[in-house]
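Chain letters run A, B, ... following the sequence lines, proteins first, then strands; residues in each count from 1. Only a predicted model underlies this, so the values are computations on that prediction, with no experimental measurement involved.
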Number of protein chains: 2
Amino acid sequence: MTKPSSTDRPNPLQVACSSCNLRELCLPVGFSGSELERLDGMVATRRSVKRGDALFRSGDAFEAVYAVRTGFFKTQVSSEDGRDQVTGFQMAGELLGLDGIVSDHHTCDAVALEDSQVCVIPYAELEALSREFGELQRQFHKIMSREIVRDQGVMLLLGSMRAEERLAAFLLNLTQRLQARGFSPTSLVLRMTREEIGTYLGLKLETVSRCFSRFQEDGVLEVKLKHIRILDLAALRKMVNSPC
Amino acid sequence: MTKPSSTDRPNPLQVACSSCNLRELCLPVGFSGSELERLDGMVATRRSVKRGDALFRSGDAFEAVYAVRTGFFKTQVSSEDGRDQVTGFQMAGELLGLDGIVSDHHTCDAVALEDSQVCVIPYAELEALSREFGELQRQFHKIMSREIVRDQGVMLLLGSMRAEERLAAFLLNLTQRLQARGFSPTSLVLRMTREEIGTYLGLKLETVSRCFSRFQEDGVLEVKLKHIRILDLAALRKMVNSPC
DNA sequence: CGAGCGTTTGACCGGACTCAACGCATGTGG
DNA sequence: CCACATGCGTTGAGTCCGGTCAAACGCTCG
């Protein structure tokens, strides 16, 4: 390895929120033209992360938050004895790294599940700009609050749902977010393994696999390894709301 | 009931962060005298909440965040079919209501487990003041980030721990927070029922009760209903880090 | 084409849940 | 002050869902 890491490629082209097609999903939601230009100065750099590589790891110094531009990430925390828990999956337009603010160090790993690219948002600059720019402040607070609400939902899932309900809720959440990005609401390609799904849902990979098989038997899904097609959306929705 | 609700008692006395004995645990951590005075203007009112009453409920309009001054709360979310999940327990100095920022409405219930009192921090004022006052901004971001990190820990617990480990982790977390408030690190009074503990830990109340009994048999705890004494702290710690 | 990883499926096991009964503490009203 | 009601907690017996262990299959990619 004599080449510099893949993570510091400069890529000066189009590092600008104002010309980014994700601006309706990302930090600058609802910003006007002049405001967007001020963001462009803050989001100065991109960073590429190869599949399997970490954007940051637990213990790393916290310097910036990251907006996913392309690709797909998982975040995970580990207990002292080695067990780990996937705490979320992040796709284009979603923010990574908010966990690091409290202690100046990250408390989870963010790992790319496919070759990805993120916008680097230095936290000091985000703080400064949002102090003089109320709309940015408000938007940033909303993003942190959204993360807290999302976590509440995951706790509900982990604490009170059965295996099939968890998987159904997971698939519905994924497709909903994909749909907001212009993808089909009924067909998706999983970027993560059965084990990663299981570690997210508090299940073993065999249980995840069996649930997929049962969904297929019941005509709810068509499952071809990572390719999933939802055949009966209503049934899937019903599983989440009314168990059994 | 002709008297006004207990929640709008004015209590003008000592509504001031600068003279609050919780300022080292609460929002104004690390603030100097002059800065504290500026906070005093923001935290204008108190609110009393009787045991069993809600500070806010899911769906309520979001207007303020709340700092617990005295007492004890639980927060809980409900699924559409009525199951609910306790997402946390809050004691003096901890903030409630951050979930409401994203949608202008609260997404969980906050219920007092004993007669309590909170400081009302209008969100609009918090936003404005933290814009011109960097230390407050930073502190508020840290509090939101801490909440996100805490949620990661709960996910790890719910997703990967066995019943006894969950209860051990819960007790260690409680005593640690109580110790930071000057209480004994080995003796505590639970403010919540077995069912509330279970709903927090993703267990049924019978399982919680059985775990308490087993801990007592093993000489790890002394359990007298809500009164818990930790007899073997090392054993409790060991249960969390290395299962079985 | 072969190695290795991811996935599926089966058989069995066990920890947590369910259902049920009972005990105990608290508080209320006679 | 006691009788009673009620809510909370404990304990037991039996069940079942998901975990564990194991084997085989089939992509994917050198």
[atom1] of [X] versus [atom2] of [N]: gap in Å, rounded?
X	N	atom1	atom2	result
B/E217	D/dG12	CD	C1'	13 Å
B/L225	C/dG23	CG	P	16 Å
B/E164	C/dG14	CD	P	16 Å
B/E195	D/dG9	CD	C1'	12 Å
B/K224	D/dC8	NZ	C1'	18 Å
B/H227	D/dT10	NE2	P	13 Å
B/I197	D/dT10	CD1	C1'	14 Å
A/R191	C/dG6	CZ	P	16 Å

Are A/R210 and D/dG18 close enough that a side-chain N or O sits under 4.0 Å from OP1 or OP2?
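No.
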
With a 4.0 Å limit, can you tell me whether A/K226 has a side-chain N or O closer than that to the phosphate oxygens OP1/OP2 of C/dT7?
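Looking at the OP1 and OP2 atoms of C/dT7, one of them is under 4.0 Å from a side-chain N or O of A/K226.
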
Contact list please: residues 198-208 of chain A against DNA chain D, heavy atoms, distance less than 4.0 Å, in numerical order.
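Listed by number, they are A/G202, A/L203, A/K204, A/E206, A/T207.
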
For [X], all residues meeting salt bridge (charged side-chain N to carboxylate O under 4.0 Å, His left out), sequence neighbours excluded:
X	result
B/R146	none
A/R194	none
A/R214	A/E164
B/R237	none

Start with the C-alpha gap between A/L25 and A/R181, add the side-chain angles, then the distance that decides, and say whether side-chain contact (heavy atoms from CB on, under 4.5 Å) holds.
CA-CA 8 Å; A/L25 287 165; A/R181 285 156 182 80; 3.5 Å; yes

Cut-off 3.5 Å, no hydrogens considered: what does the side-chain donor-acceptor table look like for residues 219-233 of chain B, sequence neighbours left out?
| residue | atom | partner | partner atom | Å |
| --- | --- | --- | --- | --- |
| B/K226 | NZ | B/M192 | O | 3.2 |
| B/D232 | OD1 | B/A234 | N | 3.4 |
| B/D232 | OD1 | B/A235 | N | 3.1 |

Keeping to residues at least two apart or across chains, list the side chain to side chain donor-acceptor pair (under 3.5 Å) pairs with something in residues 57-66 of chain B.
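Sorted result for residues 57-66 of chain B: B/R57-B/D109.
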
Could you work out, with side-chain contact (heavy atoms from CB on, under 4.5 Å) as the rule, every residue matching B/T75, not counting sequence neighbours?
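Only B/T87, B/Q90, B/L96, B/C108, B/A110 meet the side-chain contact (heavy atoms from CB on, under 4.5 Å) criterion with B/T75.
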
I'd like to check the side-chain contact (heavy atoms from CB on, under 4.5 Å) partners of A/S116; sequence neighbours left out, ordered by chain and number.
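With neighbours one apart ignored, the set is A/F73, A/A112, A/E114.
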
Please classify the nucleic acid contact of A/S209 as base, sugar-phosphate, or nothing, using heavy-atom distances under 4.0 Å.
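The answer is base, as A/S209 lies within the cut-off (heavy atoms under 4.0 Å) of a base atom.
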
Relative to the ring of A/H106, is the ring of A/F56 parallel (under 30°), tilted (30 to 60°) or perpendicular (over 60°)?
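If you compare the ring of A/F56 with that of A/H106, the planes turn out parallel.
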
Listed in order of residue number, which residues of residues 166-174 of chain A have a non-hydrogen atom at under 4.0 Å from DNA chain C?
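Listed by number, there are none.
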
Determine all donor-acceptor pairs shorter than 3.5 Å in which one atom belongs to a side chain in residues 200-210 of chain B; sequence neighbours excluded.
none

So if I take the C1' atoms of five pairs at each end of the helix from C/dC1-D/dG30 to C/dG30-D/dC1 and get each local axis, what angle do the two axes make, rounded to 10 degrees?
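Its terminal axes enclose an angle near 40°.
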
